[in-house]
Each structure stands twice: as structure tokens, then as C-alpha cells.
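The block underneath contains the structure these notes are about, expressed in C-alpha cells.
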Amino acid sequence: MTFDYDLFVIGGGSGGVRAARLASSEAGAKVALAEEYRLGGTCVIRGCVPKKLMVFASSYKEQFEDARAYGWDVQEGAHDWDTFHPKLRAELDRLEKIYGNVLSNAGVEVFNARATLKDAHTVSLSTGETVTAKHILIATGGTPFKPEMPGIEHTITSNEIFLWDAMPKSVLIVGGGFIACEFACILNGLGLEVTQFYRGAQVLRGFDDEARGHVAEEMKTGGVNLHVGTDVLAIEKRDAGIWVKDSNGGERCYDQVIYATGRTPNSTGLGLEALGVELGRNGNIVVDDYSQTSVPSIYAVGDVTDRINLTPVAIREGAAFVETVFHGRPTKPDHELVASAVFTQPELGTVGLSEEAAAEQEPIEVYAASFRPMQSLFAGRDNRVLMKLIVSQESRKVLGCHIVAPQAGEMIQLAAVAIKMGATKEDFDRTVAVHPTMSEELVTMKTPTRTA
Ligand code: NDP
């Protein structure tokens with residue numbers, strides 16, 4: 001049987017674009033890709049990239065204050081969304097074009113259309129065309145989830161923040177994960193009055209407990225009005241804004257209510273069920289170690305598979321798919337010891353096991369230092385940073401590293417290389433410190449804080 005294409009990719013985000021490019025330019029496959037919205041996907045258009053630019057924008061508030069303490073005669077003004085927002089949009093347009101160029105230079109045919117599956121080798125496009133492919137890769141990502149309740153239609157998600165014409169004055173953020181905590185810090189830094197409700201006892205569930213507590217304290221010190229153990233009971237649109245009643249008896253109006261209560265895989269309406277593609281409980285496409293679904297010609301990578309929902313992981317999954325299918329070298333994407341950063345202020349960088357998870361696995365030593373770093377101490381701020389290593393008592397390997405500090409995302413990337421290589425505590429110890437830095441603590445902590 002002959003097909004129109006060797007590979008048809010549905011979704012032009014991080015995973016899909018990487019797979020399409022490599023299959024075409026390095027494996028010589030005939031490749032097409034369909035994207036219904038904008039090339040670049042969540043990461044470029046309404047996720048990591050615009051978020052990080054907003055992190056940068058929001059961080060100047062503190063820097064103005066510090067600059068005065070360091071002798072600069074600067075006056076802090078208000079942030080002007082009207083100046084920043086067009087530049088942000090222009091930058092995303094630029095990046096979207098680069099993604100288009102990357103695909104066209106690689107010889108990938110791009111359809112600006114929604115694609116659905118007709119059978120195991122046939123794709124229908126919203127433009128009316130029907131095409132066939134030997135292999136189909138689904139890389140449709142995820143979409144924000146909001147719980148169903150009366151009034152929820154008056155709330156927004158992180159997607160809409162990037163489209164704001166004007167900044168609100170007050171916001172309520174619901175949720176305690178990556179997105180909720182990051183936007184609480186960003187919007188607080190941009191001068192908004194920020195309230196955050198999290199239903200559980202501590203934000204950032206799944207991360208190291210001590211690191212979570214440290215981030216939460218710093219967020220509160222920075223001005224975020226964080227309420228844990230608090231959920232939304234009722235929402236109404238009123239003249240004064242969006243009225244919210246909470247589970248602790250409080251009620252008030254906010255200009256905007258932002259739900260950051262998780263994301264669900266984008267798997268509905270693709271025709272997957274009719275084809276017999278197995279879906280998981282969360283609507284995620286179930287795949288094997290090689291990203292193959294229960295229908296052999298159909299593969300899936302990235303957030304739609306709900307493995308580790310991070311851009312660099314989707315990219316690795318896309319590359320491993322091409323190695324496996326187009327180069328004949330079966331390759332499993334490596335999901336072990338994936339470092340990540342939460343871009344709160346200060347940031348949380350993490351790799352490996354939390355103290356709690358490691359202690360369940362084996363006897364451990366914990367090395368932790370919480371201190372006031374030189375730069376902000378001099379400026380008269382009370383902020384503290386945390387450097388923490390979890391070490392196996394038996395193998396001496398560093399099982400986890402958790403950093404809460406400005407630029408922790410940059411630091412953890414480097415610590416992750418050593419930990420991925422299997423570095424022991426003694427390897428860290430014999431590495432000479434870079435002085436004066438915050439991260440030198442990672443190689444100078446001599447005595448365990450505790451064992452478990
Ligand atoms: P998360 O899964 O991280 O957090 C969801 C939050 O919403 C949790 O605090 C959860 O509470 C809460 N929640 C869920 N359902 C409800 C509900 N019905 N009512 C109230 N609260 C609820 O999702 P995010 O949306 O923050 O992020 C999605 C994913 O995107 C992340 O997991 C991450 O993989 C990725 N991401 C990565 C970033 C980075 O690398 N810096 C940045 C942003 C996103 P509970 O803990 O009790 O379940």
C-alpha cells in the first residue's frame with residue numbers, strides 16, 4: 001500500500017515539531033504536520049516562553065528596591081502593560097515564524113488545520129482534504145482544566161492572561177501547582193493585589209516538603225496573600241467584579257479569578273475512541289516505552305500522553321520516536337532524573353527524589369542549609385535561600401537536590417548533570433567551592449542535618 005506521507009504529525013508544539021523536523025531532515029521521510037492554532041504550541045505561545053518573559057518583567061520591582069540600597073538614585077514607577085504587552089506579542093510572532101521556517105527548511109509540509117483520524121492511516125483535515133500516512137504521531141498537548149461549578153464561566157485560565165488588553169488590579173488564583181504559584185509571583189511582582197487559594201495543606205504537592213514550605217514562606221513575605229486549606233464555594237459576576245465565597249467563610253470581589261487547577265490531555269474529538277486507541281483515566285493516550293499506542297501505526301508524544309509534562313521531555317520523546325521508527329534503532333525516552341524548575345520568586349529547582357520519597361526507599365542523610373544570601377542581605381531584605389541534598393547512606397549517591405533561590409533554575413541544570421552521572425556526596429565534597437556564591441553551599445555542607 002502506498003501512502004501520501006511516511007509520517008503525519010498532529011500538533012505543532014515542542015514534541016511534534018521536533019519529531020517532524022528530524023524525520024524529514026535527518027531520516028529523509030516525507031512528512032506533513034497539522035496545527036489548528038499557532039506553531040510553537042503551549043510552550044511558545046501560551047506557556048514557558050511568554051511566562052518567562054513575564055517573570056523577567058515582574059522581577060524588576062525588587063531590583064529597583066535593591067538598586068537604591070546599593071547606592072543608585074532610581075525611582076520606582078508602575079509597570080506599564082501597554083508598553084510590555086505589544087513587545088511580548090511581537091516576540092511570540094517572531095518565534096512562531098521561526099518554527100514555521102524550521103519546518104519548511106526541513107521539507108515538512110504544514111497544514112493550518114484541525115486534523116482528526118479517520119482510520120489507522122488516514123487523517124481528515126478541517127480544510128476538507130483527506131491524506132494518508134504510514135505512521136501518525138499525535139502531539140496535541142494539553143489544555144487547562146477547570147472544575148465544573150456554577151459561575152465558573154466568569155473565571156479565566158493562564159491562557160487568557162497573555163491576551164489581557166489591560167491589567168486588572170486584583171486577582172484570585174485558584175490552585176497550588178506550577179502555574180498557580182508562578183503566576184501568583186509574576187502578578188504580585190507586576191504590582192497587582194494577588195490572593196491565592198490552595199485546597200491542600202501546602203502548595204506544590206509532590207515536591208520536597210521543606211522546599212515547598214520555603215517557597216510558600218517566601219511568596220508570603222513577597223506579598224502574595226496565600227491561603228492554604230481554602231477552596232472556592234461560590235462564584236458570581238457582580239458590578240464590583242467577580243464575587244467569590246470561600247470555604248473559610250470569607251467573601252469578596254476580584255477583578256479577575258484565574259483557575260490554575262491542572263491540565264488535561266488534548267485527546268477528545270480526534271477520533272481515537274472509534275479507532276480503538278486506548279485512553280487512560282485522565283484521557284491520556286496510553287503508550288508503551290517507545291511511544292506506540294494500542295494501534296500500531298499511531299504513536300503519541302508529549303503532554304497528551306501525560307508522562308512528565310515538560311517541554312524538554314516532549315522533545316526527547318519526539319526524537320526517540322524518530323530514532324525508533326525511522327532509523328530502526330529502538331530508543332526509549334529517558335524519564336529518570338528529569339530536573340525541573342518552578343519559576344516562583346524565588347525559584348525552586350529540583351532534581352531527583354524528595355526527602356520524603358527517598359526516605360521511603362532507603363536510609364538517607366539529609367544535608368540542608370537555609371541562609372540569607374549576601375546580595376539581598378546587604379539590601380536589607382530578609383529573604384532566605386535553601387540548598388538541600390538527599391544522600392543514600394549505602395551507595396553515598398546524591399538521590400535528590402532541591403534549591404530555593406534566585407536563579408535556582410540555572411543552578412539545578414548543572415547539579416542535574418552531576419547527579420545524572422551518579423555523583424556521590426563525596427564527589428560534591430571534593431569539588432572546590434566557587435566563592436562567593438549561593439550554590440557553593442552544595443559542596444561545603446559537611447555534617448548531615450538529619451538522617452532518616
Ligand atoms: P499542577 O498539576 O501542577 O497543579 C494543579 C493544582 O490545582 C494543584 O495544586 C491541585 O491541587 C489543584 N487542583 C486540581 N483540581 C482542583 C479542584 N477541582 N479544585 C481546586 N484545586 C484543584 O497543574 P498546573 O496547571 O499548575 O500545571 C500543569 C503542568 O504543566 C504541570 O504539572 C507541569 O508539568 C507543567 N508546567 C511546568 C512548568 C515549569 O516547568 N516551570 C510551568 C507550568 C506548567 P492538589 O495538589 O490538591 O491536587
Side-chain angles (χ1 to χ4, degrees), residues 13-15 41-56 141-152 155-162 172-186 195-207 209 211-212 215-216 219 226-235 244 246-248 257-266 282-284 302-315 317 335 338-351 354 403-404 407-410 412-413 416:
S14 305
T42 299
C43 173
V44 175
I45 303 299
R46 44 195 180 191
C48 322
V49 172
K51 181 275 305 286
K52 191 77 190 275
L53 290 169
M54 287 181 74
V55 169
F56 292 140
T143 196
F145 157 83
K146 288 201 269 186
E148 276 179 29
M149 64 183 291
I152 197 78
T155 70
I156 62 167
T157 70
S158 57
N159 280 356
E160 287 83 49
I161 294 177
F162 303 118
L172 169 66
I173 298 179
V174 184
F178 275 84
I179 296 178
C181 293
E182 287 181 346
F183 274 102
C185 293
I186 289 169
T195 307
Q196 184 181 357
F197 287 173
Y198 173 55
R199 64 183 178 181
Q202 188 53 279
V203 293
L204 296 171
R205 185 165 61 84
F207 288 90
D209 276 355
R212 297 163 71 192
V215 172
M219 284 173 66
L226 171 64
H227 298 267
V228 295
T230 307
D231 214 344
V232 172
L233 290 185
I235 307 168
V244 171
D246 69 58
S247 55
N248 288 329
V257 176
I258 303 162
Y259 265 76
T261 43
R263 294 174 61 86
T264 45
N266 247 334
N282 198 20
N284 54 301
D303 287 8
V304 76
T305 63
D306 203 13
R307 286 176 279 183
I308 300 178
N309 297 331
L310 299 171
T311 275
V313 175
I315 289 172
E317 288 169 357
H335 291 120
V338 173
S340 67
V342 187
F343 292 98
T344 40
Q345 289 165 23
E347 297 172 6
L348 164 60
T350 194
V351 62
S354 65
I403 303 175
V404 182
Q407 304 292 322
E410 302 290 346
I412 205 69
Q413 178 69 83

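In each ligand, atom 1 is the first atom listed, and ligand 1 is the first ligand listed.
- A donor-acceptor pair shorter than 3.5 Å cannot be found between the side chains of Thr230 and Asp246.
- Checked by atom type and distance alone, the side chain of Thr261 pairs as donor or acceptor with a backbone atom of Phe145 at under 3.5 Å.
- Evaluation of the salt bridge (charged side-chain N to carboxylate O under 4.0 Å, His left out) rule for Lys146 yields no partner, not counting sequence neighbours.
- At least one N or O atom of Arg199, backbone or side chain, sits closer than 3.5 Å to an N or O atom of ligand 1.
- When each atom of ligand 1 is checked for a heavy atom of Pro147 under 4.0 Å away, the hits are 18 (N).
- Of all the atoms in ligand 1, the ones that sit under 4.0 Å from a non-hydrogen atom of Lys51 are 41 (N), 42 (C).
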Name each donor-acceptor pair under 3.5 Å that joins a side chain in residues 306-314 to protein atoms two or more places apart or in another chain, with its distance.
{"residue": "Asp306", "atom": "OD1", "partner": "Asn309", "partner atom": "ND2", "Å": "2.8"}
{"residue": "Asp306", "atom": "OD2", "partner": "Asn282", "partner atom": "ND2", "Å": "2.9"}
{"residue": "Arg307", "atom": "NE", "partner": "Thr305", "partner atom": "OG1", "Å": "3.0"}
{"residue": "Arg307", "atom": "NE", "partner": "Glu317", "partner atom": "OE2", "Å": "3.4"}
{"residue": "Arg307", "atom": "NH1", "partner": "Ser291", "partner atom": "OG", "Å": "3.3"}
{"residue": "Arg307", "atom": "NH2", "partner": "Ser291", "partner atom": "OG", "Å": "3.1"}
{"residue": "Arg307", "atom": "NH2", "partner": "Ala300", "partner atom": "O", "Å": "3.3"}
{"residue": "Arg307", "atom": "NH2", "partner": "Glu317", "partner atom": "OE1", "Å": "3.3"}
{"residue": "Thr311", "atom": "OG1", "partner": "Ser14", "partner atom": "OG", "Å": "3.3"}

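- For ligand 1 and Ala260, the ligand atoms under 4.0 Å from any heavy atom of the residue are 5 (C), 6 (C), 7 (O).
- Proximity of Leu310 to ligand 1, defined as any heavy-atom pair under 4.0 Å, is confined to the side chain (atoms from C-beta onward).
- A donor atom on one side chain and an acceptor atom on the other are not found under 3.5 Å apart for Glu347 and Thr344.
- Protein heavy atom at the shortest distance from atom 14 (C) of ligand 1 is Thr261 O, 3.3 Å.
- Heavy-atom contacts of Ala341 reach the following atoms of ligand 1: 39 (C), 40 (O), 41 (N) (cutoff under 4.0 Å).
- Of the listed options Pro144, Ser340, Gly262, Gly142, Gly262 places a heavy atom closest to atom 25 (O) of ligand 1.
- In the vicinity of Gly176, heavy-atom distances shorter than 4.0 Å reach the ligand 1 atoms 6 (C), 8 (C), 9 (O).
- Residue-to-ligand polar distances place Gly177 within reach of ligand 1: an N/O pair is separated by less than 3.5 Å.
- Checked against a 3.5 angstrom limit, the closest N/O atoms of Ile179 and ligand 1 fall inside it.
- At least one side-chain heavy atom of Val203 sits under 4.5 Å from a side-chain heavy atom of Leu226.
- Taking the six-membered ring for Trp and the full ring otherwise, Phe183 and Tyr259 have centroids separated by 6.0 Å or more.
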